[in-house]
Amino acid sequence: MIRPKPTHQPGAPRPQELLERSLAGLAAGTIVSFSALSILLGTSGPKGVAGRAFGPYGTLAGAGLGAIAALVLPRRVGTESPTPIDLATRGADAAGWSGWRPFKVARRVKESDDITSFHLEPVDGGPLPGFLAGQFLTIRLEIPEIAGPVIRTYSLSDSSPGPSAADPHYRLSIKREPAPQGQDVPPGVASNFLHDHMPEGSILLARPPSGSFILDLNHSRPVVLISNGVGITPMIAMLKVAARQEPERPVWFLHGARDGRFHAFREEVMNTVRDRRNLTVHYAYSRPRPEDAGRYQSEGYVEAGLIRSLVRGDAEYFLCGSPPFLEAIRAGLKEAGVPEHRVQFEMFTRASRSGPSPTLDAAPEAAQAPLPAAVTFARSQRTAEWNGSHESLLAFAEAQGLNPDFSCRAGLCGTCTCRLLEGEISYLVPPTAAVAPGSVLVCIARPKTARLSLDL
């Protein structure tokens, strides 16, 4: 199918921006010319009171014109308004609440054989702040057989409800995680608890939406959304926002599933793209059944060759899915010449309380941290000596009997953020989550100075 070219070329100013720049230039030129002429006439112009007075009064008039221009011209001129990415890093206050807030499971919807959606409404009945497509919600569960709270992060699987939504809620679509084959690892504790023990009416706690894996609506470059399995959750939110707010922006939506039983949101996606020529959907089933005929476009996996056959031209790529899937797609895109900064991906590793994380390799400066270091946990009124034997400050805090909030243990979600009261830290890997000034992600941090104080 031939796709119409976007009316706005990537990287070029939009018509409104061109008009604003023209008005700003015209106003600035007029003001400067008027002021210069005023000064010239005031110093070397006509003699007499009128000529001498023209200079200062003309300058004042120029300033007046400037003030009027500042009021009349669009506010963008000279002072840019915050972009969605700016808003993504502002923290809890921008999202409408701080800390944990109780939510009720208002509705459960079975999306596939292994994915169920949980529609969450605030118990206090207060307003539900919006979020950016691709962000996640951090939830806290009290599971009877687990000591201490269990905290997990799940992508929001719908577009932001907006202030005038008739049924304001957050939707989390969660896959029941079985025990990995061939490994001595239990099934997903949180996902199985949610599926088995969180009926409608249940209460859980949540923090404000967060995350930097977002679709930037300030660009018009074509977008390619690629996922497999439950990785579809942030992609469907991005697709809906693009369809609603950027109808001229070309979007490819590529998703892989085993077969129709494990394919969530098929009809919802098709309803979103119906009659929209700029949105292309391609489903790949790795092991389709006879009854799946007509419900997918290709047999096999979503891989680099398939992507190259469908996508034309320069584009932004967003990937979400299983680690092997992401690694293969990223390698294929790199081989195809796609710059790394055009590829964003979301991958959460399984959280663990003990043992090193295979995704973290100590940076040279972290390995050179001063030893020993005195680490104070101010709120708990404890000080302990760091000797470098622990993977991170989070693991060190747990060894002292503390139970800081955490989820990913890889610097991705921001759940473990706390205030840094004294000293400096170094990170094992660059954080993916936004970190506010004066704060630290303890899950990937180590002491950098001989004294360190944390608000834990």
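Numbering starts at 1 and runs along the sequence shown.
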Candidate pair K240 and E246, rule salt bridge (Lys or Arg N to Asp or Glu O under 4.0 Å), full reasoning | CA-CA 10 Å; K240 286 186 171 184; E246 299 187 307; over 6 Å; no
Atom pair [atom1]/[atom2] of [X] and [Y] - distance to nearest 0.5 Å:
{"X": "Y317", "Y": "I307", "atom1": "OH", "atom2": "CD1", "answer": "7.0 Å"}
{"X": "L452", "Y": "L393", "atom1": "CG", "atom2": "CG", "answer": "6.0 Å"}
{"X": "I232", "Y": "S155", "atom1": "CD1", "atom2": "OG", "answer": "12.0 Å"}
{"X": "N228", "Y": "C320", "atom1": "CG", "atom2": "SG", "answer": "8.5 Å"}
{"X": "L394", "Y": "C443", "atom1": "CG", "atom2": "SG", "answer": "6.5 Å"}
{"X": "T376", "Y": "D455", "atom1": "OG1", "atom2": "CG", "answer": "12.0 Å"}

Which atoms form the tightest heavy-atom contact between [X] and [Y], and what is the distance?
{"X": "P431", "Y": "L441", "answer": "CB-CD1, 3.6 Å"}
{"X": "V442", "Y": "C418", "answer": "CG1-SG, 3.7 Å"}
{"X": "L279", "Y": "R249", "answer": "CD2-O, 4.3 Å"}
{"X": "L215", "Y": "M238", "answer": "CD2-O, 3.6 Å"}
{"X": "G229", "Y": "H255", "answer": "O-CE1, 3.1 Å"}
{"X": "E316", "Y": "H341", "answer": "OE1-O, 4.3 Å"}

Can you confirm whether [X] sits close enough to [Y] that some side-chain heavy atom of one is under 4.5 Å from a side-chain heavy atom of the other?
{"X": "R276", "Y": "P247", "value": "yes"}
{"X": "L454", "Y": "R419", "value": "no"}
{"X": "K334", "Y": "R330", "value": "no"}
{"X": "I236", "Y": "E268", "value": "yes"}
{"X": "V189", "Y": "I143", "value": "yes"}
{"X": "P222", "Y": "W252", "value": "yes"}
{"X": "D158", "Y": "L156", "value": "no"}
{"X": "I151", "Y": "F406", "value": "no"}

| request: Evaluate the side chain to side chain contact (heavy atoms under 4.5 Å, CB included) criterion for residues D124 and R101: first the C-alpha distance (whole Å), next the side-chain angles of each, then the deciding distance (0.1 Å), finally the verdict. | output: CA-CA 9 Å; D124 57 24; R101 183 181 183 186; 2.9 Å; yes
Using a 3.5 Å distance criterion without hydrogens, assess whether the side chain of [X] forms a donor-acceptor pair with backbone atoms of [Y].
{"X": "S160", "Y": "F131", "result": "yes"}
{"X": "Q245", "Y": "A242", "result": "no"}
{"X": "K110", "Y": "S112", "result": "yes"}
{"X": "R382", "Y": "Q400", "result": "yes"}
{"X": "R446", "Y": "E391", "result": "yes"}

Which of R258, H263, E299 passes side chain to side chain donor-acceptor pair (under 3.5 Å) with Y285? Answer is H263
The residue among T153, D405, T415 that forms side chain to side chain donor-acceptor pair (under 3.5 Å) with R207 is D405
If we ignore angles and hydrogens, is there a donor and acceptor under 3.5 Å between the side chains of [X] and [Y]?
{"X": "R176", "Y": "S191", "result": "no"}
{"X": "S173", "Y": "S157", "result": "yes"}
{"X": "T417", "Y": "S439", "result": "no"}

Practice task
Quick one: do T280 and V273 satisfy side chain to side chain contact (heavy atoms under 4.5 Å, CB included)? Show the steps, please.
Solution key: CA-CA 8 Å; T280 303; V273 304; over 6 Å; no
Inset, instruction - Give the ring-plane orientation class for Y283 versus F253, where under 30° counts as parallel, over 60° as perpendicular and anything between as tilted. - result: perpendicular
Measure the acute angle between the ring planes of F396 and F377, then classify it against the limits of 30° and 60° as parallel, tilted or perpendicular. tilted
Subject >> Derivation of the side chain to side chain contact (heavy atoms under 4.5 Å, CB included) call for R140 and L204 >> reply: CA-CA 6 Å; R140 175 172 173 158; L204 55 78; over 6 Å; no
When you check the gap from the basic side-chain N to the acidic O, do D292 and R261 get nearer than 4.0 Å?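 Salt bridge: no.
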Check your understanding: What do you reckon, are the aromatic ring centroids of Y170 and F118 less than 6.0 Å apart?
Key ->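 No, they do not, as the ring centres are separated by 6.0 Å or more.
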Test of ring centre spacing under 6.0 Å for W97 and F103:
yes
Heavy atoms of other groups near [X] [atom1], more than 12 under 6.0 Å:
{"X": "Y301", "atom1": "OH", "value": "no"}
{"X": "E267", "atom1": "CD", "value": "yes"}
{"X": "E291", "atom1": "CD", "value": "yes"}

Would you sort out whether R451 and E422 count as a salt bridge (Lys or Arg N to Asp or Glu O under 4.0 Å), showing the intermediate values? CA-CA 7 Å; R451 293 185 60 83; E422 180 187 355; 3.5 Å; yes
Review point. Under the side chain to side chain contact (heavy atoms under 4.5 Å, CB included) criterion, do E200 and K104 qualify, and how do the steps go?
Key: CA-CA 8 Å; E200 294 179 358; K104 177 180 69 174; over 6 Å; no
